[in-house]
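For this chain, numbers begin at 1 and follow the sequence in order. Keep in mind the model is a prediction, meaning the values are calculated, not measured.
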Amino acid sequence: MTLKDIAKEAGVSISTVSRVINNKGCNAASKHTQDKIWSIVRKNGYIPNAAARTLKNGSPIPEESAPTYSIDCIYTEHSKTDVSPLYQELERAIEQIAFRQKCIVRRSFFLEEFSFPPNPPKTQKNKADGAVLFGKRSISQRQFELLENTYRHLVYVGITPLDLRCDQVLCNGCHAFVSAVKYLYGLKHKKIGYIGEQKDNACFQGYKQALKDLGIPFHITNTVNAKQTFEGGYHGARLLLERQADITAVVCADDLTAIGAMQCFREYKTKIPKDISIIGIGDIPHAQRTAPMLTTIHVPTEEMGNIALKLLLDRIQGGHKLELKTELPYYIAERNSCTRFTR
């Protein structure tokens, strides 16, 4: 496959394809077009320039042009419908960084696609050199051992710290939600609800920890254990309204969940932020397209993907031996969905 082939399939110019895959500015194309181009790159196993020409001619690939390693991406979620846009952004960052490091992201899998005894799904002729694991669900020691038997080298990237012996790149969701609740408290909110998954969820743990730190009683009726999807957020907000929960603000364990909650509150004539303030986590692109724009915790997905790939490559190349845990900072992206409580 050539740039011309990619351009034809994507319906764009060759120069647009070149700018996108060579990282020539974020305005090279719309996000939809960029995603389409990267999807074609992965689907066809595109290898850039000289390597592609030598493969076509049947001659050896020059060392400086050949793809160095191949990696897989593995979601801890059950299916694609469960995947948070935050982790989709992380996968996108990893794939694009890998491409520029002459690595190939072969496939994306879900943890449940693996069988026991361990066999990778869609058995490959050549196993990948390593894998990046991410997702909002925790995994068991048994599941981790299953992955270790398939991939010698693993790195986890996400917002939920895992109690596993592997390299981890984190933006700690527990710490972030402590900050989110305290941010709302600084805006004079003392009745704060929660929408999102609760079992083994770092954000829920941070929510409860912040209430404890601030001396605010925890009321389970002010929380909804909801799937972290648009529909889950909508359903969670509706339950809080039906319960007449005594809250003036709500934290959501995912931006898409927060956006779903905002939609429900609008339909039920609950004004944002006048009647209720809302904050999410992720800072996905759509967070700035809501009305009002969503206040959220910014997670540095590109930097996390970059560091995760560097750790994985160093591990593959026989570099560091000890498990490394790198924690990156977050910040609250203040927009228009939160305001000071004045009643």
Decide side chain to side chain contact (heavy atoms under 4.5 Å, CB included) for F144 and L154; before the verdict, give the C-alpha distance in whole Å, the side-chain angles of both, and the deciding distance to 0.1 Å.
CA-CA 10 Å; F144 181 69; L154 285 166; 3.8 Å; yes
Tightest non-hydrogen contact, residues V251 and A180, listed as CG1-CB, 4.3 Å
Got a salt bridge between D275 and K269, using NZ or NE/NH1/NH2 to carboxylate O under 4.0 Å?
no
Look at the side-chain heavy atoms of Ile, Leu, Val, Met, Phe, Trp and Tyr, link any pair under 4.5 Å apart, and say whether L324 and L90 land in one connected group.
yes
Verify the distance criterion only: is there a donor paired with an acceptor across the side chains of R106 and S70 at less than 3.5 Å?
yes
Under the side chain to side chain contact (heavy atoms under 4.5 Å, CB included) rule, what do L312 and V132 come out as? Steps first, then yes or no, please.
CA-CA 8 Å; L312 183 59; V132 181; 3.9 Å; yes
Please tell me whether I276 and Y185 are part of a single hydrophobic cluster in this structure, the criterion being side-chain heavy atoms less than 4.5 Å apart.
no
Rounded distance (nearest 0.5 Å) linking atom CD1 of I159 with atom OH of Y330
12.0 Å
Is there a donor-acceptor pair under 3.5 Å between the side chain of T223 and the backbone N or O of G193?
no
Side-chain heavy atoms of Q198 within contact of I220, under 4.5 Å:
yes
If we only count heavy atoms from C-beta on, is the K212 to K208 side-chain gap below 4.5 Å?
no
Beyond-backbone contact of N336 with P273, side-chain heavy atoms, under 4.5 angstrom:
no
For atom CD of Q141, is the number of surrounding heavy atoms from other residues, nucleotides or ligands below 6.0 Å larger than 12?
yes
Just by modelled atom types, is the A131 backbone N or O under 3.5 Å from a matching donor or acceptor in the D72 side chain?
no
Not counting sequence neighbours, list each pair that qualifies as a salt bridge (Lys or Arg N to Asp or Glu O under 4.0 Å) and has a residue in residues 159-181.
R165-E323, D167-R315
Going only through I, L, V, M, F, W and Y residues with side-chain contacts under 4.5 Å, is there a path from I139 to Y151?
yes
Whether N306 side chain and E302 backbone form a donor-acceptor pair below 3.5 Å
no
Is a side-chain donor-acceptor pair under 3.5 Å present for S15 with S18?
no
In terms of hydrophobic clustering (I, L, V, M, F, W, Y; side-chain heavy atoms under 4.5 Å; direct or indirect links), are L240 and L294 co-clustered?
yes
Taking the side chain from Q34 and the backbone from A29, do they hold a donor-acceptor pair closer than 3.5 Å?
yes
Atom of V224, atom of L239 and distance for their closest heavy-atom approach:
CG1-CD1, 3.8 Å
Considering all heavy atoms of both residues, which atom of I297 and which atom of A176 are nearest to each other, and what is their separation?
CD1-O, 3.4 Å
Can you tell me how far apart CD (E95) and CG (L309) are? Round to the nearest 0.5 Å.
11.5 Å
Does the T295 side chain pair with the main chain of E334, one donor and one acceptor, at a distance under 3.5 Å?
no
May I ask you to decide if R238's main-chain N or O and R243's side chain share a donor-acceptor pair within less than 3.5 Å?
no
What distance do I279 atom CD1 and L184 atom CG have between them, rounded to the nearest 0.5 Å?
5.5 Å
Is there side-chain contact between L133 and V157, with heavy atoms separated by less than 4.5 Å?
no
Any side-chain heavy-atom pair from T326 and Q168 closer than 4.5 angstrom?
no
Do V178 and I192 belong to the same hydrophobic cluster, where Ile, Leu, Val, Met, Phe, Trp and Tyr are linked whenever their side-chain heavy atoms lie under 4.5 Å apart, directly or via other members?
no
Please assess I281 against L86 for the test side chain to side chain contact (heavy atoms under 4.5 Å, CB included), listing each intermediate value before the final yes or no.
CA-CA 9 Å; I281 180 170; L86 169 63; 5.5 Å; no
Could you tell me whether the side chain of H175 reaches within less than 4.5 Å of the side chain of S179, counting heavy atoms only?
no
Derivation and outcome, side chain to side chain contact (heavy atoms under 4.5 Å, CB included), residues M304 and V299
CA-CA 9 Å; M304 291 172 73; V299 175; 3.5 Å; yes
Less than 6.0 angstrom separating the ring centers of H298 and Y331, yes or no?
yes
Of all the heavy-atom pairs spanning C203 and A253, show the shortest one and how long it is.
CB-CB, 3.9 Å
In short, M293 meets R335 closest at the heavy-atom pair O-CB, 3.6 Å
Under 6.0 Å between the ring centres of F177 and Y207?
no
Short N-O contact, D254 and K227, less than 4.0 angstrom:
no
Assess the side chains of T296 and D255: does a donor N or O sit below 3.5 Å from an acceptor N or O?
yes
Side chains of T248 and S277, heavy atoms from C-beta outward: is any pair under 4.5 Å?
no
Report the distance from atom NE2 of H235 to atom SG of C264, rounding to the nearest 0.5 Å.
10.0 Å
Ignoring hydrogens and angles, tell me if any N or O in the side chain of H189 forms a donor-acceptor pair with the backbone of I247 under 3.5 Å.
no
Enter the distance from L328:CG to L170:CG here, rounded to the nearest 0.5 Å.
9.0 Å
Are F134 and Y75 close enough that their ring centers fall under 6.0 Å?
yes
I need the Y87 OH to E89 CD distance, nearest 0.5 Å.
13.0 Å
Can you tell me if Q228 uses its side chain to pair, donor with acceptor, with the backbone of E197 under 3.5 Å?
yes
Test your reading of the model: is there a side-chain donor-acceptor pair from T150 to the backbone of L146, 3.5 Å cut-off?
yes
Do you know the tightest heavy-atom contact between C338 and I278?
SG-O, 3.1 Å
Are Q209 and D213 linked by a side-chain donor-acceptor pair shorter than 3.5 Å?
yes
Tell me whether R152 at atom CZ has more than 12 heavy atoms from other residues, nucleotides or ligands lying less than 6.0 Å away.
no
Please confirm whether the ring centroid of Y194 lies under 6.0 Å from the ring centroid of F204.
yes
Do T229 and Y234 come close enough that some side-chain heavy atom pair is under 4.5 Å?
no
Give a yes or no answer on whether the side chain of D314 reaches the backbone of H320 with a donor-acceptor pair at less than 3.5 Å.
yes
